[in-house]
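To keep things clear, I will list the structure first and then write my remarks on it.
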Amino acid sequence: MKTHYEVLGVSPRADLGTIKRAFRQAAKAHHPDLRGGGDAASEHQLKIIILAYKILSDPGLRADYDDDLASERARIRRERWDAVLQFIAATTVLSAILIGIEILLFPSLADWTSRPEATRSVALQPPPQSRSEPLLDAASAAQDATGAVLPASPPVAASSPAPATEATSGERVLPASPTTAAGFVRRGLERSQQGDLDGAIADFDEAIRLAPRNADLYRYRARDLGRRGRWDRAAADYERAIRLDPNNPALLHDRALALQRTGELDEALVDLDRAVRMSFSDAELYSDRGAVWLAKGRYDRALADFNQALKLNPELATAVARRDDALARRHEQQLAGDSDPRQPSPETTGALPADAAPRSAPAAARR
């Protein structure tokens with residue numbers, strides 16, 4: 001979400017005169033009357049501009065808003081530092097455990113430590129490093145430390161060994177298992193693309209265990225859980241992701257689709273309404289919200305959303321098909337109402353008609 005300063009395009013240190021000039025320019029640029037009228041996106045943006053000016057032009061409200069911004073930035077910094085410290089602590093404990101295991105399994109290592117230093121340096125002198133050997137750069141190391149996702153594998157030099165090679169005895173040597181969150185994510189995404197959903201979910205489980213405060217990891221796992229038909233678990237993962245990244249409209253959109261599959265239509269509408277407010281120029285959001293209204297039998301509301309989606313993207317085929325379906329259902333409803341005027345319509349009762357279930361999903365069972 002943009003701050004009020006970003007909405008008006010001014011610095012947080014701007015004086016009142018600068019804010020007024022910026023407000024006039026922004027309001028003029030987004031006023032619906034000056035843009036031909038009937039532009040819902042411009043009307044929404046104008047409301048945001050007016051709200052930003054109302055707060056920034058009032059010294060008391062502006063001071064409170066600045067305090068809120070400072071608190072939010074401090075919270076984000078604390079969360080990042082917490083993630084770094086958790087990773088460092090986990091790495092330290094893991095290193096101590098591995099050293100203990102190595103000493104237990106290889107007692108000769110203890111004998112080596114008692115040798116003279118000169119003998120040790122000759123006995124275990126490392127081989128010279130090949131220039132073609134890929135190195136982990138500082139950016140990748142920082143991403144692993146914070147649990148960030150590296151969706152693409154790092155480039156491998158042409159002379160690097162293949163993932164699986166043939167040993168001298170004829171046995172096939174398999175690549176080592178990932179040890180970092182980024183490594184599990186890479187393998188999980190590859191397995192997901194290959195259709196190995198259970199393997200991908202297991203890899204995302206490990207990635208989340210290593211980096212539990214990364215919202216993307218929960219989203220990846222929820223996506224594959226949904227593909228396996230486990231919509232309740234998928235919705236729970238989206239809930240965790242939204243707690244970590246509450247201003248991400250894509251997460252709200254995904255959770256709404258999962259809730260729709262479980263029959264939680266009202267909850268799905270709440271998420272879609274929030275997502276539309278955050279990203280009001282996304283045609284698919286309007287189309288999917290219209291599909292939920294269609295499932296509830298609210299055909300006028302559904303048609304309004306489908307029309308807005310096609311206004312933003314006339315090539316959106318799903319919105320075209322859904323609008324035609326909504327028109328046909330509304331026509332059938334009107335014919336039924338004309339033949340039996342005593343029969344109330346779903347529009348007035350809020351009831352869900354039998355033919356209003358989502359066509360892309362099986363009958364949903366409520367939790």
Side-chain angles (χ1 to χ4, degrees), residues 1-32 40-90 139 142-143 145-149 181 208 211-219 236-256 267 269-282 285 289:
M1 289 287 290
K2 290 184 177 181
T3 65
H4 292 331
Y5 295 104
E6 292 171 340
V7 169
L8 297 181
V10 297
S11 167
R13 296 182 296 275
D15 57 16
L16 182 59
T18 303
I19 291 174
K20 288 182 178 180
R21 289 192 297 271
F23 167 69
R24 294 191 191 100
Q25 294 176 358
K28 183 178 179 181
H30 294 87
H31 200 286
S42 295
E43 293 178 0
H44 183 81
Q45 184 63 21
L46 182 61
K47 292 179 182 178
I48 294 176
I49 292 170
I50 293 173
L51 176 62
Y53 175 71
K54 178 180 179 181
I55 291 176
L56 298 184
S57 61
D58 185 297
L61 294 177
R62 182 177 180 181
D64 293 339
Y65 179 71
D66 290 340
D67 290 341
D68 292 340
L69 281 181
S71 300
E72 181 65 15
R73 293 191 182 104
R75 181 188 65 80
I76 293 173
R77 285 195 296 269
R78 285 196 304 271
E79 290 182 351
R80 289 176 178 173
W81 274 111
D82 288 345
V84 172
L85 293 176
Q86 288 177 5
F87 179 82
I88 293 173
Q143 286 174 326
T146 58
V149 177
I208 289 172
R213 300 188 66 80
N214 191 311
D216 288 332
L217 304 186
Y218 293 100
R219 186 183 185 191
D237 267 355
Y238 286 130
E239 172 66 24
R240 296 187 186 97
I242 292 170
R243 289 178 185 174
L244 295 170
D245 190 5
N247 296 322
N248 188 338
L251 291 175
L252 293 168
H253 184 193
D254 290 345
R255 184 172 69 173
E267 289 80 357
L269 282 175
V270 171
D271 278 350
L272 287 169
D273 287 342
R274 290 177 59 192
V276 166
R277 287 196 296 270
M278 294 178 186
S279 183
F280 53 85
S281 60
D282 189 337
L285 289 177
R289 187 173 68 177

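Position 1 is the first residue of the sequence; numbering continues from there.
Side chains of Thr18 and Asp15: a donor-acceptor N/O pair is present below 3.5 angstrom, by distance only. In this model, a donor atom of one side chain and an acceptor atom of the other lie less than 3.5 Å apart for Tyr5 and Arg62.
From Ile55, atom CD1 reaches atom CD1 of Ile19 across 11.5 Å, with rounding to the nearest 0.5 Å. Annotation: the span from Arg255 atom CZ to Asn248 atom CG amounts to 12.0 Å, rounded to 0.5 Å. Going from atom CE of Met278 over to atom CG of Leu251 covers 9.5 Å, rounded to the nearest 0.5 Å. Atom CG of residue Asp245 and atom CZ of residue Arg240 lie 16.0 Å apart, to the nearest 0.5 angstrom. With values rounded to the nearest 0.5 angstrom, His253 atom NE2 is found 14.5 Å from Arg274 atom CZ. Of the inter-residue distances, the one linking Leu8 atom CG with Glu6 atom CD reads 10.5 Å to the nearest 0.5 angstrom.
For residues 51-70, every residue pair satisfying the ring-ring contact (aromatic ring centres under 6.0 Å, His included) rule, not counting sequence neighbours, is listed here: His4-Tyr65, Phe23-Tyr53.
Within the 4.5 Å cutoff, no side-chain heavy atoms of Asp271 are placed close to those of Tyr238. Between Lys47 and Leu51, the closest side-chain pair of non-hydrogen atoms is not below 4.5 Å. Side-chain contact between Ser279 and Leu285 is present, with at least one heavy-atom pair separated by less than 4.5 Å.
For the pair Ile49 and Ala26, the tightest heavy-atom approach, listed with the atom from each and the gap, is CD1-O, 3.6 Å. Asp58 approaches Leu61 most closely through the heavy-atom pair OD1-N, 3.1 Å. When all heavy atoms are compared, the tightest approach of Tyr218 to Ala241 is CB-CB, 4.0 Å. Smallest separation of non-hydrogen atoms from His44 and Arg277: NE2-O, 3.5 Å. Counting all heavy atoms, side chain and backbone alike, Pro249 lies closest to Ala275 at O-CB, 3.8 Å.
Summarising the local packing, CZ of Arg13 is surrounded by 12 or fewer heavy atoms from other residues, nucleotides or ligands at distances under 6.0 Å.
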Check the pair Leu244, Asn214 against side chain to side chain contact (heavy atoms under 4.5 Å, CB included), reporting the backbone distance first and the verdict last.
-> CA-CA 7 Å; Leu244 295 170; Asn214 191 311; 6.0 Å; no
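Asp254 pairs by the salt bridge (Lys or Arg N to Asp or Glu O under 4.0 Å) definition with Arg219, not counting sequence neighbours.
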